[in-house]
Amino acid sequence: MQVQRVVLNSRPGKNGEPSPKNFRLERISLTPDLEDGQVLVRTLYLSVDPYMRCRMNEDTGADYLTPWELSECLDGGGVGVVEGSRCSALTGGDVVTSFNWPWQTHAVMIGDGLQKVDLQMVDGHLSYFLGAVGITGLTALLGVREKGYVTKGANQTMVVSGAAGACGSLAGQIGRLDGCVRVVGICGSDEKCKALVEDLGFSAAVNYRSEDISARLQDICPDGVDVYFDNVGGAVSEAVIEQMNKGGHVILCGQISQYNKDVPYPPPLSDKTQEILQSRSIIRERFMVLSYMSKAEASLFELSQLIKSAQIKVLETVVNGIENMGVAFCSMMRGGNIGKQIVKISD
């Protein structure tokens, strides 16, 4: 069987922006003779995510992330269908998902490493298992719940950076549903600002590329900021923290603005911002969803119900073809996506 796969062609360097040239498409022969416990899967959808930028470095900077190896097949979140099985738990036609799905059109995988999914959870939108009803949705829901300290009736204001991305677009909606009276998104285009307010129910949105963040936040958050869901770091985050109230909470989820730089994670803050955090007793906590997987099953069910009842809306940017994995990844890193960036591999 001839299959296509994507390998790491070169590393961008710790201080470099990734390029589609860092990725290479190869054609290989796959022998579908299965051993006990193995399954043959056809890939339906693959995910590209900001954390993958760290995996492009020889040293990822995170003990839970292994680096991608040069000329080796890349991997990440994937969804596919079983086409052959010698695993007792899986049969042909089952839809399965994994965090470590190879970037291949077909693959032979260990059945025990795959999770069979319930199609009713997503009403047929199988790509949602990589986003809103997957690890991205869990990150948004549990990040807000575990580190945001949102309280109904407390008149809280939440700000979300990277708000039009996969995680931020969900986190803002969850903050609103959980009781924040005002939810403000920060993103990088007028089109994204419009989507946040008109489609997702954000109270307001700020275009950090064309607007003065500090001035806009003072205007639209007259009572200050109580909860900050931080996906980007850098100057955007320092501007938000400056507007935060005493006893506020920063949910440190991601720092995409810093991933092309050789800095530790989480990146250091300026002395001024450190002083604000200290003097106002603002708690800035790193959030890692993998530490809360005991709550995954119940949380995924809740996300499914919220989406089915249209209380949460899901946005996606879908690119077709395994040959476009590198293009989709680099576009996502530059903010070219609205909602979750997905690559459709087959029907």
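Nothing here was measured: the structure is a model prediction, and the numbers come from that model.
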Inset, instruction - Show the numbers, then the answer: is there a side chain to side chain donor-acceptor pair (under 3.5 Å) between Asp230 and Ser237? - result: CA-CA 7 Å; Asp230 184 6; Ser237 289; 2.7 Å; yes

Inset, instruction - Work out which heavy atom in Ser299 is nearest to a heavy atom in Leu142; give both atom names and the distance. - result: OG-CD2, 3.6 Å

Inset, instruction - Compare all side-chain heavy atoms of Leu269 with those of Arg284 and state whether any distance is below 4.5 angstrom. - result: yes

Legend entry - Listed partners of Arg86 passing salt bridge (charged side-chain N to carboxylate O under 4.0 Å, His left out), at least two apart: Asp36

Legend entry - NZ/NE/NH1/NH2 to OD/OE distance under 4.0 Å, Lys313 and Asp199: no

Inset, instruction - Indicate yes or no for a side-chain donor-acceptor contact from Gln156 to the backbone of Thr151 under 3.5 Å, with no hydrogens or angles considered. - result: yes

Legend entry - Candidate pair Arg27 and Val3, rule side-chain contact (heavy atoms from CB on, under 4.5 Å), full reasoning: CA-CA 6 Å; Arg27 191 175 291 272; Val3 305; over 6 Å; no

Inset, instruction - Could you tell me which non-hydrogen atom of Cys187 sits nearest to which non-hydrogen atom of Leu196, and how far apart they are? - result: SG-CD1, 3.8 Å

Legend entry - Note: Glu17-Arg334 ion pair, threshold 4.0 Å (strictly below): no

Legend entry - Heavy-atom neighbours of Phe301 CZ exceed 12 at 6.0 Å: no

Legend entry - Test item: Met56 and Pro18 side chains (from C-beta on) under 4.5 Å apart, heavy atoms: yes

Legend entry - Approximate separation, where rounding is to 0.5 Å, of Ile186 CD1 and Glu211 CD: 10.0 Å

Inset, instruction - Decide if atom CG of Asn15 counts as having more than 12 heavy atoms of other residues, nucleotides or ligands within a radius under 6.0 Å. - result: yes

Inset, instruction - Specify the closest pair of heavy atoms between Thr139 and Cys253, including all atoms of both residues, with the distance to one decimal. - result: CG2-SG, 3.4 Å

Legend entry - Over all atoms of both residues, closest heavy-atom pair of Gly77 and Tyr51: N-OH, 4.4 Å

Inset, instruction - Return the minimal non-hydrogen interatomic distance between Ile220 and Arg182, and the atom names on each side. - result: O-CD, 3.0 Å

Legend entry - Close side-chain approach of Asn245 to Val225, heavy-atom, < 4.5 Å: no

Legend entry - Non-neighbouring partners of Asp347 that pass salt bridge (charged side-chain N to carboxylate O under 4.0 Å, His left out), sequence neighbours left out: Lys344

Inset, instruction - Using atom types as modelled and distance alone, determine if a side-chain donor or acceptor of Asp226 lies under 3.5 Å from a backbone N or O of Gly248. - result: no

Inset, instruction - Salt-bridge test for Arg5 and Glu72: reply yes if a basic N is under 4.0 Å from a carboxylate O, no otherwise. - result: no

Legend entry - Side-chain touch Val7/Phe23, heavy atoms, less than 4.5 angstrom: no

Inset, instruction - Classify the side-chain pair Asn22/Ser10 by whether it contains a donor and acceptor separated by less than 3.5 Å. - result: yes

Inset, instruction - Go through the steps for Arg145 and Glu302 under the test salt bridge (charged side-chain N to carboxylate O under 4.0 Å, His left out), then give the verdict. - result: CA-CA 13 Å; Arg145 296 270 171 87; Glu302 181 178 355; 2.8 Å; yes

Legend entry - Check: Thr60 side chain, Leu65 main-chain N or O, donor-acceptor pair, under 3.5 Å: yes

Inset, instruction - Look only at the side chain of Ser281 and the backbone of Gly247, and say whether a donor-acceptor pair between them is shorter than 3.5 Å. - result: no

Inset, instruction - Find out whether Gln243 and Cys221 are in side-chain contact, i.e. whether some heavy atom of one side chain is under 4.5 Å from a heavy atom of the other. - result: no

Inset, instruction - Give the ring-plane orientation class for Phe329 versus Trp68, where under 30° counts as parallel, over 60° as perpendicular and anything between as tilted. - result: perpendicular

Inset, instruction - Report yes if the side chains of His249 and Lys147 come closer than 4.5 Å at any heavy-atom pair, otherwise no. - result: no

Legend entry - Of Arg55, Lys340, Gln341, the residue whose pairing with Asp49 passes side-chain hydrogen bond (donor to acceptor under 3.5 Å, both in side chains): Lys340

Legend entry - Residue from Thr105, Val79, Leu44 passing side-chain contact (heavy atoms from CB on, under 4.5 Å) with Ile345: Thr105

Legend entry - Tyr292/Phe287 aromatic ring centres below 6.0 Å: yes

Inset, instruction - With side-chain contact (heavy atoms from CB on, under 4.5 Å) as the test, would you mind laying out the steps for Ser346 and Thr43 before giving the verdict? - result: CA-CA 7 Å; Ser346 68; Thr43 306; 5.6 Å; no

Legend entry - Check: Thr136 side chain, Ala132 main-chain N or O, donor-acceptor pair, under 3.5 Å: no

Legend entry - Pairing of Glu83 and Arg42 as salt bridge, 4.0 angstrom limit: yes

Legend entry - Backbone N/O of Ala215 and side chain of Asp212: donor-acceptor pair under 3.5 Å: yes

Inset, instruction - Check whether the side chains of Thr273 and Ser270 place a donor and an acceptor atom closer than 3.5 Å, and report yes or no. - result: yes

Legend entry - Test item: Asp94 side-chain N/O and Leu90 main-chain N/O as donor-acceptor pair under 3.5 Å: no

Legend entry - Glu238 bridged to Lys272 by N-O distance under 4.0 Å: no

Inset, instruction - Using a cut-off of 6.0 Å, state whether more than 12 heavy atoms not belonging to Gln311 lie near its atom CD. - result: yes

Inset, instruction - Look up atom CD in Gln38 and atom CG in Asp33, then write down how far apart they are to the nearest 0.5 Å. - result: 10.0 Å

Inset, instruction - Look up atom CG in Leu300 and atom OH in Tyr128, then write down how far apart they are to the nearest 0.5 Å. - result: 15.0 Å

Legend entry - pair Lys192-Asn207: side-chain heavy atoms closer than 4.5 Å: no

Legend entry - Rounded distance [0.5 Å steps], OG in Ser98 versus CG in Asp75: 8.0 Å

Inset, instruction - Hey, could you give me the CG/OG distance between Asp123 and Ser304, rounded to the nearest 0.5 Å? - result: 7.5 Å

Legend entry - Heavy-atom donor-acceptor pair, Thr317 side chain to Ile338 backbone, under 3.5 Å: yes

Legend entry - Lys116, NZ atom: more than 12 neighbouring heavy atoms under 6.0 Å: no

Inset, instruction - Take Val184 and Met158 through the test side-chain contact (heavy atoms from CB on, under 4.5 Å) and record every step on the way to the result. - result: CA-CA 6 Å; Val184 176; Met158 173 189 275; over 6 Å; no

Legend entry - Over 12 non-hydrogen atoms of neighbours within 6.0 angstrom of CD in Glu323: yes

Inset, instruction - Using the rule that two of Ile, Leu, Val, Met, Phe, Trp, Tyr join whenever any of their side-chain heavy atoms come within less than 4.5 Å, decide whether Val206 and Tyr208 are in one cluster. - result: yes

Inset, instruction - Please name the pair of heavy atoms, one in Ser161 and one in Tyr228, separated by the smallest distance, quoted to 0.1 Å. - result: OG-OH, 2.9 Å

Legend entry - CD/Gln2: more than 12 non-hydrogen atoms of other groups inside 6.0 Å: yes

Legend entry - Cys167 vs Asn231, side-chain contact (heavy atoms from CB on, under 4.5 Å): CA-CA, chis, key distance, verdict: CA-CA 8 Å; Cys167 185; Asn231 288 306; 4.3 Å; yes

Legend entry - Gap separating the CD1 atom of Ile135 from the CG atom of Leu130, nearest 0.5 angstrom: 11.0 Å

Inset, instruction - Flag the pair Ser169 / Leu200 as yes when at least one side-chain heavy-atom distance between them is below 4.5 Å, and no otherwise. - result: yes

Legend entry - Asp178 and Lys152 ion-paired at < 4.0 Å: no

